[in-house]
There are 2 protein chains.
Amino acid sequence: MSAGIRHDDLRRRNRALVIAAVRRSGLPSRTEIASTTGLSHSTISAISSDLIAEGMLAETKAGEHATARRGRPQVALTLNPKAATVIVAVLSLNCLSAAIIDYCGEPVAEEQRAFSTATMSKHELVLECIAMLRRLMAGMSPGAPKPLRIVLAVQGISDAAARVMLWSPITPHRDIAFADVLEGELAIPTTVENDCNMMAIALRWRDPARYRDNFIAILLSHGIGMGLVIKGELFTGTQSSGGEFGHMIHRPGGALCRCGRRGCVEAYAGDYAIWRNAHLKNEDSPPEDAVTNTDMQALAERARAGEGPEREAYRKAGTAIGYGVGSLFALIDPAPIAFVGGGAAAFDLLEPSIRTALARTAGGQHSDAISFDTIPAELPLIRQGCAMRALVFVDQEIFAAGPQAVQESRIAVA
Amino acid sequence: MSAGIRHDDLRRRNRALVIAAVRRSGLPSRTEIASTTGLSHSTISAISSDLIAEGMLAETKAGEHATARRGRPQVALTLNPKAATVIVAVLSLNCLSAAIIDYCGEPVAEEQRAFSTATMSKHELVLECIAMLRRLMAGMSPGAPKPLRIVLAVQGISDAAARVMLWSPITPHRDIAFADVLEGELAIPTTVENDCNMMAIALRWRDPARYRDNFIAILLSHGIGMGLVIKGELFTGTQSSGGEFGHMIHRPGGALCRCGRRGCVEAYAGDYAIWRNAHLKNEDSPPEDAVTNTDMQALAERARAGEGPEREAYRKAGTAIGYGVGSLFALIDPAPIAFVGGGAAAFDLLEPSIRTALARTAGGQHSDAISFDTIPAELPLIRQGCAMRALVFVDQEIFAAGPQAVQESRIAVA
DNA sequence: CAGTATTTTTTCGAGGCCCGAAAAAAGTCT
DNA sequence: AGACTTTTTTCGGGCCTCGAAAAAATACTG
């Protein structure tokens, strides 16, 4: 049963609304906020002057861009970049990348490092993460506010509470409780998120016109991942980060998947699967882990050159994706799709068979009208998604809660 | 962007909360409501005395069931059955059934009629519906309040706004705007809902302990339908009623489905598909429309008698369902499933292959732990779901809105 | 260049709503 | 009959939002 609305929640929610409006719109005036939120001018005036006094917002001379119209000029509100910082970290196969982000979303420090995630112990993996975050924090100017949030994106599955990495292709170890460990070491609230979910969040911030209420981000890489936004909300599983599109069944009893099962979409469309098919290996042969991006580029070149096993491999991949998307569409109705990652660079090879397959499904009825988009570089997208996730948390959980919570959060780094 | 919270919304939402608490709990005291909603005693007292004054709630001597404890006895609150009525109608193949339901959810009048939906014109179909509802309303005692809502459940797909039946297996006609027509004729707000979604809603009211935040209702009948509740909310498509589980793809390019495509789950697990396989007909042969429930019972008997094409047909059906559910679980994580309808009566024949298939999917990892339930009679379930849907609408949209809206809604039937 | 028009922002009083504490109510127990 | 216990109502205080009006800041205009 949903809880009752207490009187103080009102202010909290409306504060959150104002902060969100500023974060979204860039440089909105009070009047603009009033109209987008539906609250009265007086309320917006009161809330925004509070937020300015508390240091989250600042007024800027909008001037320049607004053509000088008649009447009192609008004064634009903006986020104060120094109001807070957050930390984002992206853990992927053999690579950890992290950054400190200011309250406006701009990075103030970053670091990236390669090591062999597949062979490290659980302990070593966690230590590398902690060490990198510590280095980043050590580099912060003294007196700067301590980061208020860590968001760690991982390939693979995290639990619904976003605290544990349940499984990941990058390591043989399971159930790594990153959130507990990082909170214990650094005393900063932490969540562990699926990388594809973060991609979806980032897409919405990048292009809200295109990616708004319903859309899908599909990562085509060594494995296949998905982030799904439905009715304006990130869709996650009930017990895990969910949305394991790559492990929907394409052909019962079919090709061997990295997950050990047979016939998953990924077993046809993951890099290793395309590579396997292109080399005419048996579908039962175990997934090759060492397929590199360069391998795949070479494969794509050969496929573009003309008919052959390479082109056939891409065709099979496209078919698997197309039918998978068709089944998904049967459940949620069609939505725009962004294909992200290395595989998106070979999208020209995939698209025809995706569309053919999709058109043969109930969900893909009007498959011509379904728009695809490709974004080859996934890392910047994931990082941006993490940043926005972390900042929205700060907005809603801390800054919206009122002056007290804001005060308490303001501890300077050592 | 979500709208701001205006001051009056507060009371509206808390009124809705109190009404919902009474509807759910049966005979709660004010104290009990205060604790389940988290609102203060004073607020509950104020709201409930308003609601009693306005006629939605009534006090009853709880007495009997509460063992006389020390202290002032609790006064139980209850819904006033005369506060309102709603109309439910269920349209399925060759059958229309409708009822008038009081504010407590009890039927006060009902009617059921058979006619040949498949051969009727669009116009005739609509007229039959209107006629039945008019007859029901004509039978109401004069002075009784006019029904405040019609919920029509249909097999097939309705639009996201729940106003148009986009497609249904019961008729060749498409895009029947039932809501517009019924509202035009009877001047009662109407929604058109998918039957399986209503089943899911009913399950939650029937057994909230088992079917709470995440569960699935699958209708096994001539076709295959699904109602899905995720995180406590009915899951619908973005443009339609959605959740077309039956048309997820089981085998690309496989058996011919009633929808005209190939390889859908329904093309293996719908009654017609089981019948087709049991009679060793080609998978390309067009779906037989005239398979009756008795046919299916006979088929099930033969399948139970021993190995043979009938048992094999059920096995294929179970496999299709199992893999389909596995793909679904990959997206949403496992949840309890209720199998409803004629096919549930033959669930003993399906379950082994469902479980075998499910165990071969990523989503079905712990398939032993996933619980199945069977409910052979779908119609009562659908009707109950419609009733609760309609009543919750009245609760939230009319009675929660305040005395004015309540007044305006109170028009006696002619 | 002073006055007018226009638009944005702030101020102020009114009306609601929720909460906590205290009081009242309605029984049981001794 | 009085003490005790639990439920429900009453009352005053504190917030919050709103609408209207005032103030502020600038462009237009003759």
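Only heavy atoms go into these numbers, but all of them, side chains included; no hydrogens, no water, no symmetry mates. Chain naming here is simple, since letters A, B, ... match the order of the sequence lines and numbering starts at 1 in each.
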Undergrad: Want to settle it: does A:Glu59 or A:His7 sit nearer the 5' end of DNA chain C, counting the closest nucleotide to each?
TA: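 So the residue in question is A:Glu59.
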
Undergrad: Hey, which of these two, A:Ile44 or A:Asp8, hits DNA chain C nearer its 5' end, going by closest nucleotide?
TA: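 Its nearest nucleotide being more 5', the pick is A:Ile44.
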
Undergrad: Does a side-chain N or O from B:Asn14 land closer than 4.0 Å to OP1 or OP2 of C:dC17, or not?
TA: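 For C:dC17, OP1/OP2 do not have a side-chain N/O of B:Asn14 under 4.0 Å.
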
Undergrad: Which whole-number value in Å describes the distance from B:Asp9 CG to C:dC18 C1'?
TA: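 Going from B:Asp9 (CG) to C:dC18 (C1'), I get 15 Å.
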
Undergrad: For A:Arg30 and C:dT11, give me the distance from atom CZ to atom P, rounded to whole Å.
TA: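 Distance, rounded to whole Å: 10 Å.
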
Undergrad: Quick one: on DNA chain D, does A:Arg11 or A:Pro73 contact a more 5' nucleotide (nearest heavy atom)?
TA: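 It is A:Arg11, whose closest nucleotide lies nearer the 5' terminus.
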
Undergrad: Across the strands shown, which category fits B:Thr31 at heavy-atom distances under 4.0 angstrom: base, sugar-phosphate, nothing?
TA: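 The residue B:Thr31 makes sugar-phosphate contact but no base contact.
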
Undergrad: Can you name the side-chain contact (heavy atoms from CB on, under 4.5 Å) partners of A:Pro403, sequence neighbours left out?
TA: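 By the side-chain contact (heavy atoms from CB on, under 4.5 Å) rule, A:Pro403 matches A:Arg15, A:Glu54.
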
Undergrad: Tell me, with the steps shown, if A:Glu193 and A:Leu152 meet side chain to side chain contact (heavy atoms under 4.5 Å, CB included).
TA: CA-CA 6 Å; A:Glu193 310 275 356; A:Leu152 170 65; over 6 Å; no

Undergrad: Would you tell me if any nitrogen or oxygen in the side chain of B:Ser40 comes within less than 4.0 Å of OP1 or OP2 on C:dG20?
TA: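 No, because none of the side-chain N or O atoms of B:Ser40 sits under 4.0 Å from OP1 or OP2 of C:dG20.
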
Undergrad: Kindly indicate whether the side chain of A:Arg72 and the base of C:dT8 share any N or O donor-acceptor pair separated by less than 3.5 Å?
TA: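 When only heavy-atom distances are counted, A:Arg72 does reach the base of C:dT8 through a donor-acceptor pair under 3.5 Å.
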
Undergrad: Do the side chain of B:Asp333 and the main chain of A:Thr238 share a donor and acceptor less than 3.5 angstrom apart?
TA: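 Flag set: sc B:Asp333 to bb A:Thr238 pair under 3.5 Å.
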
Undergrad: Answer yes if the ring centres of B:Phe399 and B:Phe393 are under 6.0 angstrom apart, and no otherwise.
TA: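 Here the rings of B:Phe393 and B:Phe399 have centres that are no less than 6.0 Å from each other.
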
Undergrad: NA contact type, B:Ser42, heavy-atom cut-off 4.0 Å: base, sugar-phosphate, or nothing?
TA: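 Base contact.
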
Undergrad: Using a 4.0 Å cut-off to any heavy atom of chain B, which nucleotides of DNA chain D are the first and last in contact, reading 5' to 3'?
TA: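 So the outermost contacting nucleotides come out as D:dC4 to D:dC18.
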
Undergrad: Can you confirm whether the side chains of A:Thr236 and B:Lys231 place a donor and an acceptor under 3.5 Å from each other?
TA: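 Result is yes, a qualifying pair exists.
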
Undergrad: Are the side chain of A:Thr37 and the backbone N or O of A:Ile33 linked by a donor-acceptor pair below 3.5 Å?
TA: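 Indeed, once roles are kept as given, a pair shorter than 3.5 Å links the two residues.
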
